[in-house]
Structures are given as C-alpha cells and as structure tokens.
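Structure first, commentary second.
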Amino acid sequence: MAGWLAGFCICAAAILIVAEIIIRSCFASTLYVADEFTGYLMAASSMLGLGYVEAVHGHIRMDLVDLLREKFPKLIRSLNYIAYIAAIIVALYLTWVSYKTFDQSFANGSRSMQISETLLWIPQIFLPIGSALLLLQYCVNFVLFASGRSQK
C-alpha cells in the first residue's frame, strides 16, 4: 500500500507541476504553492517508497558479493548479517529522529514560511511512517535471510 501511495504522490506532483506550467503560460498567474507542495509530495514519495523497494530487493546491491558467494559462502553470509544489522540500526535511528522532528512540529504548531503556512507536521508525518516501514521490512528480510528462505 505504501508503494502505491508513493506512486500516487509522484503522479500528484507531476499534475501539480503541469498545472503550474499551464497557469503561468496561459493566464500569466501562478498557484503560489506548487513548488512547496511538490517538494512535500516528493519527500513523502521517497520515504513511503523505501520499504517497498527493499521488499522487492530493488536497492543498490554489490554484484561483487554475488561473484564471491560461491568461493567464500561463510564470509558472504557473515557480511550479510552485518549489513542487515547495520541497516536495522540506521533505520531505527532514522525512525526515532524523524519521529522527534514530527512530534516537535506537532507540539509547537510549526508552520512553513511559505505563503501556504502549511502545518509542518502534515508533510513530516511521512518521515517516521516511511522510516518505520523500512525498519519493518529490514527486520522481515533479516528473519527470512537468517531462516534460509532468502539469499539476498
């Protein structure tokens, strides 16, 4: 579902940009918020898409590790454990920090400095949600790897 929502955010950003171009070209006016909202949509798309991309093993991986898998299987397996543990720690930290940022904005009622004066917690909520989904997916993939049901 997060992958679909990430795709929707990209489509919405594209529509917003096209609308801004048409309004500027045809009516010599502007939407005023197109840049700001497009940035929010792209950030939401990026964060929501992280867990999905990890689920389909779409993140950049080292082909060299695959080449060495046959020669040094125990070493490669150990490196994969280390990589998963490091990824889980980073995702956990990112989730914690992004939640603190969201929580501060929510508690303080922080608003953007743009014309829309958007409550910043609204776009920021996608940061801890996306980070938590990535963390969850790393944990799932780690369990699958540790149980031998996944080689990646």
Side-chain angles (χ1 to χ4, degrees), residues 1-67 79-147 149-152:
M1 187 167 143
W4 280 99
L5 189 54
F8 171 79
C9 288
I10 291 172
C11 292
I15 291 168
L16 192 57
I17 290 169
V18 169
E20 177 71 12
I21 291 168
I22 291 170
I23 289 173
R24 281 183 184 214
S25 300
C26 298
F27 303 105
S29 187
T30 182
L31 293 175
Y32 296 105
V33 296
D35 292 344
E36 178 186 8
F37 287 6
T38 299
Y40 295 151
L41 288 166
M42 294 309 294
S45 173
S46 297
M47 293 307 294
L48 291 172
L50 286 173
Y52 171 75
V53 174
E54 176 59 24
V56 298
H57 300 291
H59 287 294
I60 298 171
R61 299 191 185 277
M62 299 294 289
D63 290 341
L64 179 63
V65 172
D66 288 335
L67 296 173
L79 290 175
N80 278 332
Y81 276 113
I82 293 168
Y84 271 121
I85 291 168
I88 288 169
I89 290 168
V90 169
L92 183 62
Y93 179 74
L94 182 61
T95 303
W96 177 66
V97 169
S98 61
Y99 176 77
K100 281 179 49 176
T101 301
F102 156 76
D103 189 48
Q104 252 183 338
S105 293
F106 185 79
N108 296 334
S110 300
R111 294 183 174 271
S112 76
M113 294 171 42
Q114 305 297 324
I115 196 167
S116 70
E117 295 185 359
T118 303
L119 287 168
L120 288 177
W121 68 265
I122 296 170
Q124 286 175 348
I125 194 153
F126 294 105
L127 293 135
I129 291 172
S131 300
L133 290 172
L134 179 63
L135 172 63
L136 179 64
Q137 191 60 55
Y138 276 138
C139 291
V140 167
N141 286 356
F142 178 75
V143 169
L144 291 174
F145 178 76
S147 68
R149 291 184 277 171
S150 173
Q151 292 300 315
K152 294 194 177 205

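As the structure is a computational prediction, the values presented were derived from the model and not from experiment.
- For the pair Val33 and Ser116, the tightest heavy-atom approach, listed with the atom from each and the gap, is CG1-CB, 3.6 Å.
- Closest approach of Ser112 to Glu36, counting heavy atoms only: OG-OE2, 2.8 Å.
- Taking the six-membered ring for Trp and thresholds of 30 and 60 degrees, Tyr84 and Phe145 have ring planes inclined between 30 and 60 degrees apart.
- Ser147 contributes atom OG, which lies 10.0 Å from atom CZ of Phe142 (distance to the nearest 0.5 angstrom).
- Other residues, nucleotides and ligands contribute only 12 or fewer heavy atoms inside 6.0 Å of the OH atom of Tyr32.
- Between atom CG of residue Asn80 and atom CG of residue Asn141 there is a gap of 11.0 Å, rounded to the nearest 0.5 Å.
- Nearest heavy-atom pair, Ser45 versus Ile10, reported as atom, atom and distance to 0.1 Å: OG-CG1, 3.1 Å.
- Between the CZ atom of Phe106 and the CG atom of Leu119 there is a distance of 9.0 Å, given to the nearest 0.5 Å.
- Here the shortest heavy-atom pairing between Ser98 and Thr95 reads OG-O, 3.2 Å.
- The shortest non-hydrogen separation linking Ala6 to Leu48 is CB-CB, 4.1 Å.
- Residues Leu31 and Ala19 share a closest heavy-atom pair of CD1-CB, 4.1 Å.
- Remark: side-chain polar atoms of Ser110 are not paired, donor with acceptor, to backbone N or O of Leu120 under 3.5 angstrom.
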Apply the test side-chain contact (heavy atoms from CB on, under 4.5 Å) to residues Leu135 and Ile88: give CA-CA distance (whole Å), side-chain angles for both, the deciding distance (0.1 Å), then the verdict. CA-CA 6 Å; Leu135 172 63; Ile88 288 169; 3.8 Å; yes
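- Taking the six-membered ring wherever Trp is involved, the centroid distance between the rings of Phe126 and Phe102 does not fall below 6.0 Å.
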Residues Thr118, Phe37; criterion side-chain contact (heavy atoms from CB on, under 4.5 Å); working and verdict: CA-CA 9 Å; Thr118 303; Phe37 287 6; 3.4 Å; yes
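- The side-chain contact (heavy atoms from CB on, under 4.5 Å) test with Met47 is passed by exactly one of Leu133, Ile125, Leu134, Leu127: Leu127.
- Under the 3.5 Å distance criterion, the side-chain polar atoms of Ser46 are matched with a main-chain donor or acceptor of Met42.
- For Thr30, the side chain to side chain donor-acceptor pair (under 3.5 Å) partners at least two apart in sequence or on another chain are Glu20.
- Ser25 contributes no side-chain N or O that, together with a main-chain N or O of Ile22, makes up a donor-acceptor pair within less than 3.5 Å.
- Proximity of a side-chain donor or acceptor of Asp103 to a complementary backbone N or O of Tyr99 within less than 3.5 Å is not detected.
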